[in-house]
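Just the heavy atoms: all of them, side chains too, but no hydrogens, waters or symmetry mates, feed the values below.
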Amino acid sequence: MNTSKQKQLRRSRRRTGTRKRVIGTPERPRLAVFRSLNHIYVQVIDDMAGTTLASASTRDKALSVSGGTGNKDAAKAVGAAIADKAKAAGVSKVVFDRGGFRYHGRVQVLADAAREAGLEF
């Protein structure tokens, strides 16, 4: 098995373990993060109803990011954007789902920016 398959399998196992414990409710929806090589995506999800309440990514036209979309500055902008959209949807408290990614780098910057913008984890 090559290294990229092993890395993908390890992330999948971490994600499965996290999803067993982290469940989004109407009172505290789940803030789910997906990080790709070039972009970062985040959603606020109510798992009980199966609906997405708010979403933001570096691919949004309204979110202009200078200097690239796969860096910490872009993650910070997405974190602030998701906090604003979540507040507009009536959400102030969320449960953080890092999606099997380490709480490090872009994922950590996104979470910190969302906290600074007013979301409670």
Side-chain angles (χ1 to χ4, degrees):
M1 187 180 295
N2 61 12
T3 56
S4 65
K5 283 285 190 190
Q6 287 177 341
K7 188 175 180 179
Q8 188 178 23
L9 182 63
R10 285 194 307 262
R11 180 187 161 260
S12 175
R13 287 180 180 161
R14 282 193 308 268
R15 182 176 184 275
T16 303
T18 302
R19 287 290 291 123
K20 285 181 183 177
R21 294 184 300 274
V22 177
I23 298 170
T25 62
E27 296 82 31
R28 281 187 80 158
R30 179 169 54 98
L31 184 78
V33 175
F34 179 75
R35 176 183 60 91
S36 71
L37 187 63
N38 296 322
H39 295 283
I40 192 158
Y41 309 86
V42 63
Q43 296 178 328
V44 177
I45 303 168
D46 177 6
D47 289 321
M48 299 297 179
T51 58
T52 299
L53 305 174
S55 66
S57 75
T58 52
R59 298 189 67 191
D60 290 347
K61 299 290 184 200
L63 186 70
S64 61
V65 180
S66 62
T69 56
N71 55 24
K72 289 182 181 179
D73 294 333
K76 190 171 191 176
V78 171
I82 194 65
D84 293 339
K85 289 182 179 183
K87 284 184 193 174
V91 176
S92 61
K93 292 184 177 183
V94 295
V95 178
F96 189 66
D97 177 12
R98 58 191 172 89
F101 300 105
R102 288 178 27 193
Y103 187 77
H104 180 265
R106 290 186 284 159
V107 175
Q108 182 178 5
V109 168
L110 184 139
D112 292 342
R115 277 191 199 100
E116 288 174 9
L119 277 184
E120 294 180 37
F121 288 34

So which residues get pulled into Leu37's cluster when ILVMFWY side chains under 4.5 Å apart are joined, directly or through others?
none
Cluster membership besides Val95, Ile/Leu/Val/Met/Phe/Trp/Tyr side chains within less than 4.5 angstrom, sorted by chain and number, is Val22
May I ask you to test the Ile40-Phe101 pair for a side-chain heavy-atom distance under 4.5 Å?
no
Heavy-atom side-chain proximity of Phe34 to Ser57 below 4.5 angstrom
no
Other ILVMFWY residues reachable from Ile23 by side-chain steps of under 4.5 Å
Met48
If you take all heavy atoms of Arg106 and Arg35, which pair is closest and at what distance?
NH2-CG, 3.1 Å
For residues Val94 and Phe121, determine if any side-chain heavy atom of one lies less than 4.5 Å from a side-chain heavy atom of the other.
yes
I would like to know whether Lys5 and Asn2 meet side chain to side chain contact (heavy atoms under 4.5 Å, CB included); could you show each step before the answer?
CA-CA 6 Å; Lys5 283 285 190 190; Asn2 61 12; 3.1 Å; yes
State the CD-OG1 distance between Gln8 and Thr3, to the nearest 0.5 angstrom.
11.5 Å
Can I get a per-line list of side-chain donor-acceptor pairs under 3.5 Å for residues 110-117, giving both atom names and the distance, sequence neighbours left out?
from, atom 1, to, atom 2, distance (Å)
Asp112, OD1, Arg115, NH1, 3.1
Arg115, NH1, Tyr103, OH, 3.2

Would one find more than 12 heavy atoms of other residues, nucleotides or ligands at under 6.0 Å from atom CZ of Arg28?
yes
Membership question, hydrophobic clusters at under 4.5 Å side-chain separation (ILVMFWY): are Ile82 and Val107 in the same one?
yes
Hey, is the main chain of Gly100 close enough, under 3.5 Å, to the side chain of Thr18 for a donor-acceptor pair?
no
Locate the shortest heavy-atom distance separating Val44 from Pro29; write the atom from each residue and the value.
CG1-CB, 3.6 Å
Got a sec: does the CZ of Arg11 have more than 12 other heavy atoms crowding it under 6.0 Å?
yes
Non-neighbouring partners of Ser55 that pass side-chain hydrogen bond (donor to acceptor under 3.5 Å, both in side chains), sequence neighbours left out
none
Nearest 0.5 Å, what's the CG-CZ distance between Leu31 and Arg98?
13.5 Å
Salt bridge (charged side-chain N to carboxylate O under 4.0 Å, His left out): pairs with one or both residues in residues 40-63, sequence neighbours excluded:
Arg19-Asp47, Arg30-Asp47, Asp60-Lys85
Could you go step by step and tell me if Arg13 and Arg10 meet the side chain to side chain contact (heavy atoms under 4.5 Å, CB included) rule?
CA-CA 5 Å; Arg13 287 180 180 161; Arg10 285 194 307 262; 5.7 Å; no
Heavy atoms only: give me the nearest Val91-Leu119 pair and the separation to one decimal.
O-CD2, 3.9 Å
Would you give the length of the straight line joining atom CG of Asn71 to atom NZ of Lys76, rounded to the nearest 0.5 angstrom?
12.0 Å
Is it true that Val109 and Val78 fall in one hydrophobic cluster, defined by side-chain heavy atoms closer than 4.5 Å?
no
State, to 0.1 Å, how close Leu63 and Ala77 come at their nearest heavy-atom pair, and which atoms those are.
CD1-O, 3.9 Å
Checking side chain to side chain contact (heavy atoms under 4.5 Å, CB included) against Gln43, which of Val33, Asp97, Thr52 comes through?
Thr52
